[in-house]
There are 2 protein chains.
Amino acid sequence: MKTLRERKKQRTRESLLRAALELFTTQGYEHTTVDEIAEAADVSQRTFFRYFAGKEDAAFAVQDMTEQHFLACVRTRPAHESPMEALRQAVLEGWDAIRETVESAVPVELYLRMYRTIESTPALLAAHLRRSAATEETIARLLAEREGVDPDTDPRPRLAVAVFGGVIRVTERQWCTGEDFSLESIRQLTASHLDLVGPALTGNWRASGAGRPD
Amino acid sequence: MKTLRERKKQRTRESLLRAALELFTTQGYEHTTVDEIAEAADVSQRTFFRYFAGKEDAAFAVQDMTEQHFLACVRTRPAHESPMEALRQAVLEGWDAIRETVESAVPVELYLRMYRTIESTPALLAAHLRRSAATEETIARLLAEREGVDPDTDPRPRLAVAVFGGVIRVTERQWCTGEDFSLESIRQLTASHLDLVGPALTGNWRASGAGRPD
DNA sequence: ATTTCACATGTCAGTAACTGACACGTGTGA
DNA sequence: TCACACGTGTCAGTTACTGACATGTGAAAT
C-alpha cells in the first residue's frame, strides 16, 4: 500500500464492503440493491461491479478470508495427526484466530452478523454450500497428498471431507438458530459435534490399503 | 384430469418442461433464456412464469418428483432397521424405481442428462445443495420421530443425515464426472460408498441415551 | 515543473430474469 | 344461451449485470 492511488482504491473497496455488509445485515440481502450500496459508499453502481463480481461476491468477501486462513491451518498441521484430527485442529485454530483474521476488513461483530444473514437467506445459503463444496474438494486433494493416496481412485479423502463438512454445516446451522452468538459457543459446538462422529474414518490411511480403519 | 381446460394446462406445462430441459441439457442452462423456452413451447414468457417460479424451478421439476419418492421410501422402511440402514435402503429403492418415478414427466434419459447438467452448472449446483439441505432437515425430523428422540436437543439425527448426505453428494459427483452414466453405475457407487462410512452412527439410538453406539 | 500516460471512475445503452396490471377470449356451469 | 371464471398475451417497470466510451486525476519521465 504505497501510492496514493492504491490507498484510494483500498478505501473505496473497504467502504463498499462495509456498506454492503451493514445493509445486508440490517435490511436483509434481498431488500438491498446494488445502487443503495454504491450510493452509501458514494460511488457509481458501475464502480461497485469493478470491485466485486456481483452482489453475492461482496457478501462472501470476509468469508473468503477466514476460508483461506483455515486452509493455511490445515496445511501446517503436523504429519503425524490423522486426517480427521488435523481438520478438527484446523477449524478450532481458525475460530481462535478469527479476530485477527477478520478485523483488518470489518469488525468481528459485523462478520458474525453476516454469517447469520448468510445462513438465513436462501440465495446466500445456496452460494455458501456451493463454496463449501469447492473448499471440500481442495481439502480432499490436500489430505490425499498428505496421506500419500490418489484422490482419483481412493474415495476415502473425499468421503472423509464430506463427513467433516457435513458436521460443520450442522454446527453452523445450530449456532445460527440458537441464541448464543458468542465465539466460545460455536467453538465448543464444533468440538462436541466432531466428537460424536469421531469413529468414522479416523484411521491412518497410510497403514493399510484395506477397508475400515479404526 | 377431467376437463378440457385441465388437459390443456397439463400439456402446456409438459411442453414447457420438456423444452426447458432439452434446451438446458444441449445449450447449457446459462445460455438458455426464458424467452427461448417459451417460444419453443409456443407460449408467452409470462405464461412460463405462471407455471414455474423461475428458470431454476423448471430445472428441478423432475428432481422434485424423485425426491418425493425417496422421502416416501424412507417413511415406509420397517422400524427394526437402524437409521443409516433405512436411508441406505431408501436411496437404493429410489434408484430401482427411477423409471416409473420419472417417465410420466420426461424420458429417463433426459432426466439423467439434466442431472449431469445440474452438477456441472455452478448456479444449479448451488440450488441443488440448498435443496438437499432442506431435504436433509426433513429426513432428520423423520428419523428423530422414528427413533423416538428429540431433534432439537439430540444432535444425532441431523449429524447422521449430514454424514449420509455428504456420502450421497460425493457419489453424485463421482458419477457425473465419470464416464459410465448408467443407472447400475450410480446404484453400485452409492452402495459401496455407504459401506466405506458404515461404522459411523450405525447404532440404534433407542437403546442407550449415551455416546457412541456400535 | 511540465508533459505524457495509465488507470480509476462516471455515464449510457443494452440484456435477461422476473413482477404487477390490465385486457381479451375461451371453456364451464347455470 | 348466458354469465363468469380462468388461462393467456401484452406492456410497463425493477434489478442485477456488462460493454463501450469519455473524462479526470495520480504517476513517472523529461
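These numbers come from a predicted model, not from an experiment. We name chains A, B, ... by the order of the sequence lines, and we start the count at 1 in each one.
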Near DNA chain D, which residues from residues 25-42 of chain A have a heavy atom under 4.0 Å away?
A/T32, A/T33, A/V34
Using a 6.0 Å cut-off, check whether atom CG of B/D96 has over 12 heavy atoms from anything other than its own residue.
yes
Short N/O separations, protein against nucleotides 1-5 of chain C, under 3.5 angstrom:
none

Other residues, nucleotides and ligands only: do more than 12 of their heavy atoms fall within 6.0 Å of CD on A/E145?
no
Among residues at least two apart in sequence or on other chains, which ones pass side chain to side chain donor-acceptor pair (under 3.5 Å) with B/Y115?
B/E172
Taking side chain to side chain donor-acceptor pair (under 3.5 Å) as the definition, give me every residue that meets it alongside B/R77, ordered by chain and number, with sequence neighbours left out.
B/E81, B/E93
Sequence neighbours excluded, which residues qualify as ring pair (Phe, Tyr, Trp, His ring centres under 6.0 Å) partners of B/F60?
none
For A/F164, ring pair (Phe, Tyr, Trp, His ring centres under 6.0 Å) partners two or more places apart:
none
What parts of residues 43-61 of chain B reach DNA chain D, counting only heavy atoms under 4.0 Å away?
B/V43, B/S44, B/R46, B/T47, B/R50, B/Y51
Carboxylate-amine/guanidinium contact A/R173 B/E137, below 4.0 Å
yes
In terms of heavy-atom contacts, does CG of A/D42 have more than 12 from other residues, nucleotides or ligands at under 6.0 Å?
no
Within residues 125-132 of chain A: residues closer than 4.0 Å to DNA chain D (heavy atoms)
none
Please say whether more than 12 non-hydrogen atoms of neighbouring residues, nucleotides or ligands are located less than 6.0 Å from CD in A/E39.
no
Side chain to side chain donor-acceptor pair (under 3.5 Å) involving B/Y111 - partner list, sequence neighbours excluded
none
What pairs of nitrogen or oxygen atoms, one from the protein and one from nucleotides 26-30 of chain C, lie under 3.5 Å apart?
unit_1, atom_1, unit_2, atom_2, d
C/dT28, OP1, B/T3, OG1, 3.3
C/dT28, OP1, B/L4, N, 2.8
C/dT28, OP1, B/R5, N, 3.0

The single option from A/L92, A/I139, A/L194 that satisfies side chain to side chain contact (heavy atoms under 4.5 Å, CB included) with A/L87 is A/I139
In chain order, what residues pass the side chain to side chain contact (heavy atoms under 4.5 Å, CB included) check against B/R116, with sequence neighbours excluded?
B/R113, B/W175, B/C176, B/F181
Indicate the atoms forming the closest heavy-atom contact of B/L143 with B/V161, along with that distance.
CD1-CG2, 3.9 Å
Separation of A/L16 atom CG from D/dC17 atom P, in whole Å?
14 Å
For A/F70, ring pair (Phe, Tyr, Trp, His ring centres under 6.0 Å) partners two or more places apart
none
Would you kindly say whether A/S44 and A/T47 are connected by a side-chain donor-acceptor distance under 3.5 Å?
yes
